[in-house]
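Predicted model only: the values in this text are computed from it and were never measured. By convention in this document, chain letters (A, B, ...) are assigned in the order of the sequence lines, proteins followed by strands, and residues within each chain are numbered from 1.
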Amino acid sequence: MRLSQYPISTLKEVPAEAEVVSHRLMLRAGMIRRLAAGLYTWMPIGLRTLRKVERIIREEMDRAGALELSMPTVQPAELWQESGRWNAFGPELLRFKDRHDREFAYGPTHEEVITDIARRELRSYRQLPVNFYQIQSKFRDEIRPRFGVMRAREFLMKDAYSFHADEASLAEGYRAMYEAYSRIFTRLGLEFRAVQADSGSIGGSASQEFHVLADSGEDAIAFSDDDDYAANLELAAALAPSTPRGPAAQALAKVPTPGARTIADLARSLGVAAEQCVKTLIVDGADGDVVALLVRGDHELNALKAQKLPGVASPLRMASAERVRATTGAEPGSLGPIGFRGRIYVDHTAANVADFVCGANEKDQHYTGVNWGRDLPEPQTVDIRNAVAGDRSPSGRGRLRIARGIEVGHIFQLGRKYSDAMNATVLDEQGRSVTMFMGCYGIGVTRVVAAAIEQNHDANGIIWPESIAPFRVALVPLTYQKSELVRNAADALYREFGDAGIDVLIDDRDARPGVKFADSELLGIPHRIVIGDRGLANGTVEYRHRRDTTSSDVALADVVGHVRARSAG
RNA sequence: CGGGGUAUAGCUCAGUCUGGUAGAGCGUUGCGUUUGGGACGCAAAAGUCGGGGGUUCGAAUCCCUCUGCCCCGACCA
């Protein structure tokens with residue numbers, strides 16, 4: 001492509017709306033333009049990368065035996081009513097009516113539509129297993145779209161759905177998708193990790209997320225430093241301490257703690273470590289009562305774990321200040337288990353502390369030297385905290401580390417959730433009608449592009465993985481308009497790369513070198529070749545990989561071979 | 001949804017407090033000089049000051065209202 005005929009609009013200044021680096025760079029490089037909150041146009045240069053991501057996904061899905069189809073984005077309400085999600089999905093589902101006053105939704109996902117297809121088309125177990133996929137726009141009316149295409153409302157998704165005669169076949173299909181996903185993200189040049197996950201609103205049993213590791217990620221993941229255990233932090237088990245609790249050494253004492261509202265305040269004013277404190281959180285119970293949840297002062301409550309406990313309301317809700325006052329007689333900030341009337345759950349680690357500090361259920365008063373089994377009954381211990389770095393891995397090997405991740409893929413074993421609700425059956429060998437088992441598998445295609453940038457950039461711009469760069473080679477002739485020597489050499493190289501099937505962009509603009517260098521770096525093109533009179537006098541041009549810090553001279557005749565060699569390495 | 005912020009040229013912003021009829025840089029167009037890291041000079045085009053209402057001789061500026069956009073949001077007990 002000739003840059004003189006391929007207008008790009010790179011920006012020196014960062015548009016005010018952009019917060020994260022991928023969003024800033026995508027705007028600056030002219031890849032995307034915003035239409036409205038969470039809605040983006042993909043400009044030509046951005047679309048080239050998006051299409052390359054799609055192509056890799058398509059090739060690997062096809063290789064795994066999945067069949068591509070295309071379903072409508074607009075879906076009738078009746079299907080959603082049948083599955084029960086018309087009411088369950090909430091305001092994320094964009095609903096509207098047609099001219100006949102019939103209700104529709106813009107698809108946020110396609111379980112209903114594909115299950116409808118499956119129940120009409122699939123009659124026999126002999127047609128199974130089968131896996132259908134599509135790459136298509138989805139719309140989710142996010143509460144707060146942000147970070148550009150990372151959390152947009154309209155986005156491109158690859159969604160696949162598999163159908164099986166039995167559970168064993170589902171497990172096998174799921175494994176095949178796991179492998180396909182691993183190949184896809186490897187080919188995309190991303191550093192990723194598959195982690196155990198909660199199945200959330202989609203439902204089902206086994207589920208894993210694929211995360212691109214990046215500090216800006218919205219999710220926290222926990223993984224072992226000694227084996228392949230990895231889980232979303234909300235799911236990662238926090239094990240009980242392996243050492244027994246120490247003996248009680250202090251006497252119980254009530255101390256004034258004026259103004260201390262947080263554990264940090266408390267630890268500071270009493271001169272103790274946060275680990276020596278136990279914090280009491282009062283949440284709504286399932287039966288209109290309240291429940292006390294205790295975790296160690298330096299730990300965080302895990303809502304997902306807590307809301308699964310018997311007697312705790314789901315989703316988890318903190319009790320209102322008025323209810324806290326009514327049940328404990330104290331202000332938030334001075335709550336504790338001593339004298340609390342009601343159900344108490346204590347995290348394993350909090351139950352392991354001797355001589356701890358906790359609220360006294362009296363304004364500005366705390367207890368010190370509290371001991372389980374002496375000042376309080378031995379508690380009912382549970383896992384209700386987030387795992388932290390250094391915890392023993394639930395796999396039994398190694399210690400946990402915590403990293404940030406961007407969820408780019410998610411695979412589920414749905415089981416019969418949708419096929420049951422929508423009566424999707426086939427006949428088995430005995431001629432009996434059996435409900436199909438389903439799996440579903442998604443990749444956020446547009447999010448992958450942003451995630452790739454989050455993971456691959458520097459102060460000058462994007463550094464594309466070779467496989468998804470909009471162009472692989474940038475030719476930068478320094479005086480294309482003035483020097484015939486430079487122009488002929490550049491044009492010859494341009495043809496040579498084209499003939500070799502390597503995407504090449506030639507910067508034939510009448511611009512100063514600095515402008516061309518800056519643009520090629522901002523755009524993140526992996527291989528840059530600078531063609532100038534100086535080198536041509538010796539029959540050479542300058543080669544520089546986007547990750548290099550210096551250039552090297554390469555003989556004109558060896559340029560394509562040199563790029564090929566660097567691509568492989 | 002709650003809280004905070006913001007809205008002025010294509011982009012980034014100043015001007016608002018203290019009312020007097022709109023500016024800068026970048027970008028764009030033209031001409032000239034430049035040409036190995038976002039050049040320089042001259043000239044030019046470009047704004048319903050988010051919308052509506054009000055106060056006033058006069059409103060980007062003060063008041064009311066609506067809207068868009070951005071950010072933050074139970075771990076506090």
Side-chain angles (χ1 to χ4, degrees), chain A residues 7 9-20 23-24 27-28 30 33-39 90-91 143-148 233-234 257 260-266 274 277-284 290 292-307 315-325 327-337 340 347 358-364 366 384-386 460-461 476-483 486 509-522 528 530-535 541-542 544 551:
Chain A
S9 39
T10 53
L11 304 174
K12 261 193 255 188
E13 282 167 310
V14 188
E17 70 200 55
E19 190 67 15
V20 296
H23 190 196
R24 282 201 292 263
L27 288 169
R28 285 191 54 208
R33 289 292 181 250
R34 193 182 66 88
L35 175 65
L39 301 177
I143 307 173
R144 188 145 87 85
R146 59 185 143 173
F147 305 152
L233 186 64
E234 61 186 15
T257 50
R261 282 190 48 89
T262 67
I263 291 292
D265 295 341
L266 185 64
C277 303
V278 167
K279 62 183 170 191
T280 303
L281 297 93
I282 309 295
V283 301
D284 286 348
V290 294
L293 304 175
L294 275 65
V295 297
R296 208 172 72 180
D298 57 322
H299 288 151
E300 289 181 352
L301 180 69
N302 178 307
L304 200 65
K305 293 175 182 175
Q307 71 194 23
L316 191 74
R317 281 189 312 273
M318 288 296 151
S320 67
E322 296 75 54
R323 290 191 75 185
V324 169
R325 223 170 287 122
T327 21
T328 66
E331 296 294 318
S334 308
L335 301 181
F340 178 80
D347 184 75
C358 66
N361 294 328
E362 238 179 274
K363 186 171 167 53
D364 290 337
H366 280 75
I384 49 170
R385 70 173 172 94
N386 281 338
N460 294 328
V476 181
L478 292 174
T479 49
Y480 189 86
Q481 313 288 338
K482 293 279 162 58
S483 164
V486 167
R509 295 176 298 179
D510 185 16
R512 297 171 65 83
V515 174
K516 297 185 180 186
F517 295 151
D519 275 346
S520 85
E521 281 158 15
L522 177 57
R528 186 182 78 191
V530 178
I531 303 134
D533 284 304
R534 212 161 66 194
V541 293
E542 272 173 37
R544 182 153 162 184
S551 304

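- Remark: the separation of the C1' atoms in B:U55 and B:A43 is 43 Å, to the nearest Å.
- Counting any heavy atom pair closer than 4.0 Å across all strands shown, A:Gly532 reaches a base atom.
- Between B:G25 and B:G52, the two C1' atoms lie 33 Å apart (nearest whole Å).
- Pairing partner, B:C42: B:G30, with both Watson-Crick or wobble hydrogen-bond distances short of 3.5 Å.
- For B:C72, one of the phosphate oxygens OP1 or OP2 lies less than 4.0 angstrom from a side-chain nitrogen or oxygen of A:Arg144.
- Shown here, B:U18 forms no base pair; nothing in the strands shown gives a Watson-Crick or G-U wobble contact with both key distances under 3.5 Å.
- With both ends at atom C1', the span from B:A9 to B:C13 equals 11 Å, rounded to whole Å.
- With both ends at atom P, the span from B:G58 to B:U21 equals 15 Å, rounded to whole Å.
- In terms of phosphate contacts, A:Lys516 brings no side-chain nitrogen or oxygen within less than 4.0 Å of OP1 or OP2 of B:G38.
- Between the C1' atoms of B:C62 and B:G20, the separation comes to 15 Å (whole Å).
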Tabulate atom names and distances for all N/O pairs under 3.5 angstrom spanning the protein and nucleotides 8-14 of chain B.
| from | atom 1 | to | atom 2 | distance (Å) |
| --- | --- | --- | --- | --- |
| B:C11 | O2 | A:Glu13 | OE1 | 3.4 |
| B:U12 | OP1 | A:Ala16 | N | 2.8 |

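- Side chain of A:Lys279 to backbone of A:His299: a donor-acceptor contact under 3.5 angstrom is found.
- Between A:Arg528 and A:Glu521, at least one side-chain nitrogen of the basic residue sits less than 4.0 Å from a carboxylate oxygen of the acidic one, meeting the salt-bridge criterion.
- The distance from atom CG of A:Leu27 to atom P of B:C69 is 16 Å, rounded to the nearest whole Å.
- If you measure from atom CZ of A:Arg317 to atom C1' of B:C75, you get 17 Å, rounded to the nearest angstrom.
- Proximity of a side-chain donor or acceptor of A:Asn302 to a complementary backbone N or O of A:Glu234 within less than 3.5 Å is detected.
- As rounded to whole Å, 11 Å separates atom C1' of B:C76 from atom CD1 of A:Ile282.
- Annotation: of the two residues near RNA chain B, A:Val283 and A:Gly38, the 5′-most nearest-nucleotide partner is A:Gly38.
- Using Watson-Crick or G-U wobble geometry with both donor-acceptor distances under 3.5 Å, B:C1 finds its partner in B:G73.
- Judged by atom type and distance alone, A:Arg528 reaches the base of B:G37 through a side-chain donor-acceptor pair under 3.5 Å.
- Between the P atom of B:C69 and the CZ atom of A:Arg146 lies a distance of 16 Å, rounded to the nearest Å.
- Side-chain proximity of A:Lys12 to B:G36, B:A77, B:G38: nearest is B:G38.
- The pairing partner recorded for B:G47 is none, the criterion being a Watson-Crick or G-U wobble arrangement whose two distances lie under 3.5 angstrom.
- Put simply, A:Arg512 has a side-chain N or O that comes within less than 4.0 Å of OP1 or OP2 on B:A39.
- When the C1' atom of B:G30 is taken as reference, atom CG of A:Asp510 falls 14 Å away, rounded to whole Å.
- The side chain of A:Thr479 sits closest to B:U35 out of B:G37, B:U35, B:G38.
- Atom name P, nucleotides B:A14 and B:U8: the rounded distance is 10 Å, in whole Å.
- Contact annotation for A:Thr280: base contact, defined as any heavy-atom pair under 4.0 Å involving a base atom.
- Side-chain atoms of A:Ser334 come within 3.5 Å of backbone atoms of A:Asp364 as a donor-acceptor pair (strictly under, hydrogens ignored).
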Give the C-alpha distance, both sets of side-chain angles, the deciding distance and a yes or no for side-chain contact (heavy atoms from CB on, under 4.5 Å) between A:Val14 and A:Arg28.
CA-CA 6 Å; A:Val14 188; A:Arg28 285 191 54 208; 3.9 Å; yes
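- Pair check for B:A7 finds B:U67; Watson-Crick or G-U wobble, both atom distances under 3.5 Å.
- Between A:Glu19 atom CD and B:G73 atom P the separation is 11 Å, expressed in whole Å.
- Distance CZ (A:Arg24) to C1' (B:C71): 14 Å, rounded to an integer number of Å.
- Here the separation of B:G53 from B:C11, taken at their C1' atoms, is 32 Å to the nearest Å.
- Whole-Å rounding puts the A:Arg28 CZ to B:C26 P distance at 16 Å.
- For A:Glu300 and A:Asn386, the side-chain atoms include at least one donor-acceptor pair closer than 3.5 Å.
- Under the Watson-Crick or G-U wobble criterion, with both distances below 3.5 Å, B:G37 is left unpaired in every strand shown.
- Below the 3.5 angstrom threshold, one finds no donor paired with an acceptor across the side chain of A:Arg34 and the base of B:G68.
- Distance from the side chain of A:Val515 is smallest to B:A39 among B:C76, B:C69, B:A39.
- When heavy atoms are screened at a 4.0 angstrom cut-off, A:Asp519 is found touching base atoms of the nucleic acid.
- A salt bridge links A:Arg509 and A:Asp519; the closest N-O separation between the charged side-chain nitrogens and carboxylate oxygens is under 4.0 Å.
- As rounded to the nearest Å, B:G27 and B:G36 have C1' atoms that lie 24 Å from one another.
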